[in-house]
A.B. asks: 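Pasting a structure below so you can have a look.
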Amino acid sequence: MLGQSSESSFWLPVNASSYGGEVDWVFYFIYGVCVVMMVLIVVLAVLFIWRYRHRPGVEPSRLSHNTPLELTWTIIPTIVVGFIFYFGFVGFLNMNTPPRNLYEINVTAFKWGWAFQYPNGHVDQNLHIPRDRPVRLILSSQDVIHSLYIPAFRIKKDAVPGRYNKMWFKATKEGEYHLFCAEYCGTKHSEMYAKVIVHDPTQFAAWLEEAANWAAKLPPAEAGQKLYSVRGCAQCHTVDGSGGIGPSFKNIFGESQKLRDGSSVLVDEDYIRNSLMNPGSQIVAGFENVMPTYKGRLKDVEITALIEYIKSLSEHYEAPPAAVEESAPEENATQPAAQHSTGGENTKP
């Protein structure tokens with residue numbers, strides 16, 4: 001957490017959540033106790049080494065223990081630890097006692113990215129939230145254990161396959177903050193980075209409405225390329241023909257694929273749609289049935305965009321010609337240029 005602020009400070013990054021102050025207070029108290037104890041131990045160690053060093057003719061003392069001293073170094077640390085536990089436990093309860101009327105966002109972690117799904121169905125690679133409104137994240141994972149970590153909010157929670165973990169917070173300052181995966185999950189673990197954007201509440205509503213319709217505002221193939229990244233397709237399907245967990249999208253459209261049951265299928269619009277809705281029904285030979293269904297998770301316009309993107313990657317698909325421009329009237333094309341000139345030598349007799 002240290003050094004993650006935009007100012008590269010040695011101390012904790014700026015606090016942007018409602019209960020970050022509780023975490024900071026306990027952290028700096030423990031930090032202060034550790035510094036004091038380190039200085040005390042080092043000073044006493046040096047002093048004792050010098051004071052009780054071996055000297056010729058001096059016999060070591062035979063003391064076995066010192067009751068007042070032993071009680072002192074037992075009782076005082078116990079009180080300090082009890083003090084730390086109390087304030088840490090109070091902070092823990094606050095983090096696990098959410099208020100009502102939370103704004104819920106579903107978070108899916110995968111190798112190696114995040115998908116944040118909002119109540120209106122929009123899915124984004126970054127986390128957008130309104131300021132001063134309690135937000136609950138419902139975490140799950142498609143593959144291995146990941147851990148969502150936002151240093152500026154002082155929160156971290158694991159995303160575990162097959163179960164849902166929940167966390168809540170209230171952002172108090174507008175701006176952009178870092179979001180990391182804090183659980184080593186594979187070779188590209190360090191690439192699991194996203195932004196947290198805290199909006200003014202009014203601006204958040206406008207952003208969400210605009211963002212929910214982005215796929216319909218882009219050319220289909222371009223929208224499909226963005227969905228390929230946002231929806232986690234890149235996790236299993238490459239676009240350069242190299243191997244992956246699933247078949248590469250390169251040159252797949254318009255090609256016949258052999259299935260695990262021995263039959264073959266032509267990769268066309270219907271096959272791609274069926275693979276998204278019922279991924280286990282037609283599995284390509286050589287691959288396992290590990291793809292989750294996207295039934296109810298993709299709009300029709302998004303499915304069409306993905307199909308158009310896969311088409312654009314295939315040499316077997318010939319795109320229709322662009323619209324033909326209207327040709328100029330024939331009579332204009334056959335007119336001598338001099339008759340259309342408004343000046344110059346050609347207009348002179």
Side-chain angles (χ1 to χ4, degrees), residues 1-97 145-159 165 167-185 189-190 192-196 198:
M1 187 180 290
L2 293 174
Q4 293 299 332
S5 70
S6 58
E7 296 81 13
S8 298
S9 169
F10 178 76
W11 306 103
L12 293 173
V14 61
N15 169 35
S17 72
S18 56
Y19 49 60
E22 300 177 58
V23 176
D24 291 6
W25 189 93
V26 175
F27 174 83
Y28 284 121
F29 178 77
I30 297 173
Y31 185 83
V33 170
C34 292
V35 171
V36 171
M37 292 303 297
M38 184 193 71
V39 173
L40 180 63
I41 290 172
V42 170
V43 169
L44 289 177
V46 173
L47 178 63
F48 291 165
I49 290 172
W50 179 82
R51 177 68 178 80
Y52 298 107
R53 70 186 185 281
H54 174 71
R55 285 170 291 182
V58 178
E59 294 293 327
S61 63
R62 300 298 180 187
L63 290 176
S64 60
H65 70 278
N66 186 313
T67 301
L69 184 59
E70 292 174 358
L71 288 174
T72 300
W73 72 39
T74 301
I75 294 174
I76 292 179
T78 301
I79 294 174
V80 172
V81 171
F83 189 73
I84 293 172
F85 173 79
Y86 171 76
F87 284 99
F89 188 63
V90 170
F92 175 80
L93 291 179
N94 290 337
M95 290 181 179
N96 288 276
T97 310
I145 298 177
H146 302 276
S147 187
L148 188 146
Y149 172 43
I150 308 175
F153 294 175
R154 313 294 193 263
I155 55 174
K156 186 174 80 70
K157 183 74 82 174
D158 286 350
N165 277 344
M167 62 193 301
W168 83 276
F169 56 86
K170 183 171 70 175
T172 56
K173 295 180 181 178
E174 295 176 29
E176 290 189 5
Y177 306 96
H178 301 295
L179 187 153
F180 302 103
C181 175
E183 185 82 29
Y184 180 71
C185 54
H189 159 72
S190 61
M192 282 194 67
Y193 167 76
K195 292 181 180 178
V196 181
V198 181

A.B. asks: Taking the six-membered ring where the residue is Trp, are the ring centres of Phe29 and Phe87 under 6.0 Å apart?
C.D. replies: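 When the ring centroids of Phe29 and Phe87 are compared, they turn out to be at least 6.0 Å apart.
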A.B. asks: Decide side chain to side chain contact (heavy atoms under 4.5 Å, CB included) for Met192 and Cys185; before the verdict, give the C-alpha distance in whole Å, the side-chain angles of both, and the deciding distance to 0.1 Å.
C.D. replies: CA-CA 9 Å; Met192 282 194 67; Cys185 54; 3.6 Å; yes
A.B. asks: Taking only residues two or more places apart in sequence or in another chain, which ones pass side-chain contact (heavy atoms from CB on, under 4.5 Å) with Ile75?
C.D. replies: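 Only Leu71, Ile79 meet the side-chain contact (heavy atoms from CB on, under 4.5 Å) criterion with Ile75.
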A.B. asks: Check whether the ring centres of Tyr19 and Trp168 lie less than 6.0 Å apart, and answer yes or no.
C.D. replies: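 Between Tyr19 and Trp168, the centre distance is under 6.0 Å.
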A.B. asks: Are the side chains of Tyr177 and Val198 in contact, using a 4.5 Å heavy-atom criterion?
C.D. replies: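 When only atoms from C-beta onward are counted, Tyr177 and Val198 do touch, with a gap below 4.5 Å.
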A.B. asks: For the residue pair Phe27 and Tyr31, categorise the inter-ring angle as parallel (less than 30°), tilted (30 to 60°) or perpendicular (more than 60°).
C.D. replies: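 Correct class here is parallel.
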A.B. asks: Report yes if some heavy atom in the side chain of Arg154 is under 4.5 Å from a heavy atom in the side chain of Asp24; otherwise report no.
C.D. replies: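 In short, these two side chains touch, coming nearer than 4.5 Å.
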A.B. asks: Given 3.5 Å as the limit, does a donor-acceptor pair link the side chain of Thr172 with the main chain of Ala16, or not?
C.D. replies: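 Looks like yes, one N/O pair under 3.5 Å.
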A.B. asks: Could you tell me the separation between the CD atom of Glu70 and the OG1 atom of Thr74, rounded to the nearest 0.5 Å?
C.D. replies: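 Here the rounded value is 7.0 Å.
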A.B. asks: Could you check if a side-chain atom of Leu69 sits within less than 4.5 angstrom of a side-chain atom of Trp73, using non-hydrogen atoms only?
C.D. replies: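 Leu69 reaches Trp73 side chain to side chain.
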A.B. asks: Tell me if the centroids of the rings in Tyr193 and Phe180 come within less than 6.0 Å of each other.
C.D. replies: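 Centroid separation for Tyr193 and Phe180: below 6.0 Å.
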A.B. asks: How close do Phe169 and Ile155 get, heavy atom to heavy atom, and via which atoms?
C.D. replies: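 Shortest heavy-atom contact: CD2-CD1, 3.5 Å.
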A.B. asks: Using side-chain heavy atoms (C-beta onward) and a distance below 4.5 Å, is Val14 in contact with Lys173?
C.D. replies: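 Val14 vs Lys173: side chains touch.
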A.B. asks: For Tyr184, enumerate each residue passing the ring pair (Phe, Tyr, Trp, His ring centres under 6.0 Å) test, keeping only those at least two apart in sequence or located in another chain.
C.D. replies: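 So Tyr184 forms a ring pair (Phe, Tyr, Trp, His ring centres under 6.0 Å) with His189.
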A.B. asks: Would you please name every residue forming a side-chain contact (heavy atoms from CB on, under 4.5 Å) with Arg51, sequence neighbours left out?
C.D. replies: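 Arg51 satisfies side-chain contact (heavy atoms from CB on, under 4.5 Å) with Arg55 once adjacent residues are dropped.
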A.B. asks: If you define the side chain from C-beta out and look only at heavy atoms, does anything of Leu148 sit under 4.5 Å from Met167?
C.D. replies: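 Contact flag for Leu148/Met167 side chains = yes.
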A.B. asks: Please find the pair of heavy atoms, one from Pro13 and one from Ala152, that lie closest to each other, and give the distance.
C.D. replies: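 Distance-wise, the nearest heavy atoms are CG-N, 4.4 Å.
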A.B. asks: Return the set of residues passing side-chain contact (heavy atoms from CB on, under 4.5 Å) with Asp158 (not counting sequence neighbours), or none when no residue passes.
C.D. replies: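 Applying side-chain contact (heavy atoms from CB on, under 4.5 Å) to Asp158 gives Ile145, Ser147, Lys156, Val160, Asn165, Glu183.
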A.B. asks: Does anything in residues 83-97 pair up under side-chain hydrogen bond (donor to acceptor under 3.5 Å, both in side chains), and if so which pairs, sequence neighbours excluded?
C.D. replies: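 Residue pairs with at least one partner in residues 83-97: Glu22-Asn94.
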A.B. asks: Go through the structure and list residues passing side-chain contact (heavy atoms from CB on, under 4.5 Å) with Ala159, not counting sequence neighbours.
C.D. replies: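 By the side-chain contact (heavy atoms from CB on, under 4.5 Å) rule, Ala159 matches Ala109, Leu139, Ser141, His146.
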A.B. asks: Could you point out which residue of Leu44, Val43, Val42 forms a side chain to side chain contact (heavy atoms under 4.5 Å, CB included) with Leu40?
C.D. replies: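 Running side chain to side chain contact (heavy atoms under 4.5 Å, CB included) over Leu44, Val43, Val42 with Leu40 returns exactly one hit, Leu44.
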